[in-house]
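Note: hydrogens, waters and symmetry copies are ignored here, and every other heavy atom, side chains too, is used. For clarity, every value in this text was computed on a predicted model and none was experimentally measured. Each ligand, and each atom within it, is numbered from 1 in the order the structure gives.
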Amino acid sequence: MTDTNNIFTKFLASKPIFSNRDALTISFKPETIPHREKQVNDLGRILAPALKGGRPSNIFLYGRPGTGKTLVSRFVGSELEKISGENGQSVKVMYVNCKMKKIADTEYRLLAELSKALGKEVPFTGLPTDQVYNAFFDALDSRKQTIILIVDEIDTLVQKTGDEILYNLTRINQDLNNSKLSIIGITNNLGFIETLDPRVKSSLSEEELIFPPYNALQLQDILKNRASIAFTQDVLQPGVIEKCAALAAQEHGDARRALDLLRVAGELSERNSHEKVSIEHVDDAEEKIDVDRVVETVKSMPKQSQIVLYSIVFLAEKTKEIQTGEVFDKYQEICKQQGIKTLTTRRVSDLISELDLSSVISTKIVSKGRYGRTRVISLNLSDTVYNKLKNLLEEIFL
Ligand SMILES: Nc1ncnc2c1ncn2[C@@H]1O[C@H](COP(=O)(O)OP(=O)(O)O)[C@@H](O)[C@H]1O
Ligand SMILES: [Mg+2]
C-alpha cells in the first residue's frame, strides 16, 4: 500500500540538485560569451558608427543552430543602447524573431508589430498595406535616431511573405529625413542568401559575419560557466560536462543541445531523488530529448505523412534499407484499412522527402547499375526512440 502522506518525503529529504535551473535555459543571459570574442568585436565595430550619428552597414549573420547568433546580436545590441544613452546619442535596437507565430506571418503583421515597438499603435488588421507602411515610416522617422533592426530567422520571414518587405526596408533610408535604419539579418540556413533577389542580397550583406560550430572543448567552457550557476556544489560527477559537450559537438557544435543535455540530465537525477548527476543521466537525457522531439514532430504531422511514416516504421522491423516501392505498397494497404484516400506515388515520394527534412528518417540515392538509380530509406533511431515512435503510431492507427 502507498503511504500517501509520505510520497514527497523522499523528494524533500534529498539534497537539491539545482541552485538556479534557469541558468541552463534559453532565456538566460550569460555574463560572458566565451569563444565569440571575434564575433562580438566585429559586430561592435560595424555598429559603432551609430554612436556618432552615422548609419552602420547592414549585416548578415549566419551559422548552424546553437552557435550563439541570437545571443551575440542581442548582447551587442543592448551594450550599444546602453552606451549611446550615456553619451546622449539616440540609438534604438529592435529585435524580431520571425519564427514566432503572429509576429511576422504577414508583411502587415510585421510592420504593425514594429510600429508598436516604435510607439505608434496600428490596428492589427484592416488597413490597406500602403497605410501600414506609412504609419511605420512615420513612427520610424518621428525623431532623430539610428535604429538597428535585428531580424532573427530571417529566412522564415521570406518563406512566409516573400522578399519584397526586405527590399522595401533596405531602400527606406532614401526617404527618411530624421532617422537612419540598419538591418541585422540572422539565419541558420546557409544557402538562404543565395535565394534572394540580387539587389536585396547585396544591400543586406554589406557586411557578413560567420558563426562557426563550437568544438567539444569550447562547449565544455560554455557549459562550465553556466553549470557553476545552475548546480549546487559538487553534484556533477566527473565526465558529465565532457559527455554533454562531446555529444553536442557531434551535432554540429550546437550549444543549445549541450545545455539541454545538461539540464535534462539534472532534471532526471532530481526526479529520481539521486544525490548526483552522472554520465548515465546524460545518456538518459539524450534519449529523452530525442523521444520528445520525435513525438512532437509526429503529433504535428498531417495524417498522410503519419501513414507514410507508419509504413516505413513497419518495414524497418524487417530490413535496414527500405525501398520506396515497398513503402508505397504498405502505404496503400494502410490507407485501405483506414478508409483514407490514397495519394499518387509522386505525392508519397514528396512526403518521404519532407520526412527526410524533419530528420525522422534519412534517405539516400543508390545506383542500381544499369537499372538506374533508386532511393533507399532508413530510420536511424535508437531502440527506445524507435519503440516509442512505433507505439505512438499504433495508438493513432489501431
Ligand atoms: N559562447 C557562448 N557562451 C555562453 N552561452 C552560449 C554561447 N553560445 C551559445 N550559448 C547559449 O546556447 C544557446 C543557443 O545560442 P543561440 O544564440 O540561441 O544560438 P543561435 O541563435 O545561433 O541558434 C543559448 O542558450 C545561448 O545562451
Ligand atoms: Mg537564434
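Of the polar atoms of T25, none of the N or O atoms is found under 3.5 Å from an N or O of ligand 1, judged by distance alone. Considering backbone and side-chain N/O of L71, one or more are found under 3.5 Å from N/O of ligand 1. Polar contact with ligand 1: absent for H35 (N/O pair, distance under 3.5 Å). Annotation: R36 places no N or O atom under 3.5 Å from an N or O atom of ligand 1; distance criterion only. For ligand 1, one of its N or O atoms has an N or O atom of G66 under 3.5 Å away.
Counting only protein N, O or S atoms, the number found under 2.8 Å from the Mg ion (ligand 2) is 1.
Among protein heavy atoms, atom 5 (N) of ligand 1 sits closest to R226 NH1, 3.1 Å. Ranking protein heavy atoms by distance to atom 22 (O) of ligand 1, first place goes to K69 NZ, 2.6 Å. The protein atom (non-hydrogen) at minimum distance from atom 21 (O) of ligand 1 is T70 OG1, 2.8 Å. Atom 24 (C) of ligand 1 has as its closest protein heavy atom I26 CD1, 3.7 Å. For atom 4 (C) of ligand 1, the nearest protein heavy atom (residue, atom name, distance) is I222 CG2, 3.5 Å. The nearest heavy-atom contact from the protein to atom 18 (O) of ligand 1 is R256 NH2, 3.0 Å.
Within the 4.0 Å heavy-atom cutoff, Q218 does not count among the residues contacting ligand 1.
In this structure, a donor-acceptor pair under 3.5 Å is absent between the side chains of R199 and T170. Using modelled atom types, one finds a donor on one side chain and an acceptor on the other under 3.5 Å when comparing N168 with Y133. Side-chain atoms of T161 and E107 form no donor-acceptor pair, as typed in the model, at a separation below 3.5 Å. Side-chain contact check for Y214 and R36: at least one donor-acceptor pair (N or O, by modelled atom type) lies under 3.5 Å. A donor-acceptor contact closer than 3.5 angstrom is absent between the side chains of E121 and S115.
Side-chain contact check for F231 versus L262: some heavy-atom pair is nearer than 4.5 Å. For the pair L110 and D105, the minimum side-chain heavy-atom distance is 4.5 Å or more. Counting only heavy atoms from C-beta outward, the side chains of M301 and L355 approach each other to under 4.5 Å.
Near T67, the atoms of ligand 1 lying under 4.0 angstrom from a non-hydrogen atom of the residue are 19 (O), 20 (P), 22 (O). Residue contact check: I33 has heavy atoms under 4.0 Å from atoms 1 (N), 2 (C), 3 (N) of ligand 1. Close approach of ligand 1 to P65 (heavy-atom distance below 4.0 Å) involves ligand atoms 23 (O).
Contacts between Y214 and ligand 1 below 4.0 angstrom, taking non-hydrogen atoms only, involve the side chain exclusively. At a heavy-atom distance under 4.0 Å, no atom of I186 approaches ligand 1. Contacts between K29 and ligand 1 below 4.0 angstrom, taking non-hydrogen atoms only, are absent altogether.
With sequence neighbours excluded, the residues forming a salt bridge (charged side-chain N to carboxylate O under 4.0 Å, His left out) with D42 are K38, R45, listed by chain and number.
Residue I361 holds its CD1 atom at 10.0 Å from CG of L381, rounded to the nearest 0.5 Å. Remark: K92 NZ to I148 CD1 distance equals 12.0 Å, nearest 0.5 Å.
Considering P34, G68, G253 only, the shortest heavy-atom separation from atom 1 (N) of ligand 1 involves P34.
Taking the charged nitrogens against the carboxylate oxygens, E321 and K364 do have a contact shorter than 4.0 Å, which makes a salt bridge. No salt bridge links D260 with R257; every basic N to acidic carboxylate O contact stays at or beyond 4.0 Å.
By the 30° and 60° cut-offs, the orientation of the rings of Y310 relative to F397 is parallel.
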Apply salt bridge (charged side-chain N to carboxylate O under 4.0 Å, His left out) to residues E267 and R263 and explain how you reach the verdict. CA-CA 6 Å; E267 288 167 354; R263 191 193 72 249; 3.2 Å; yes
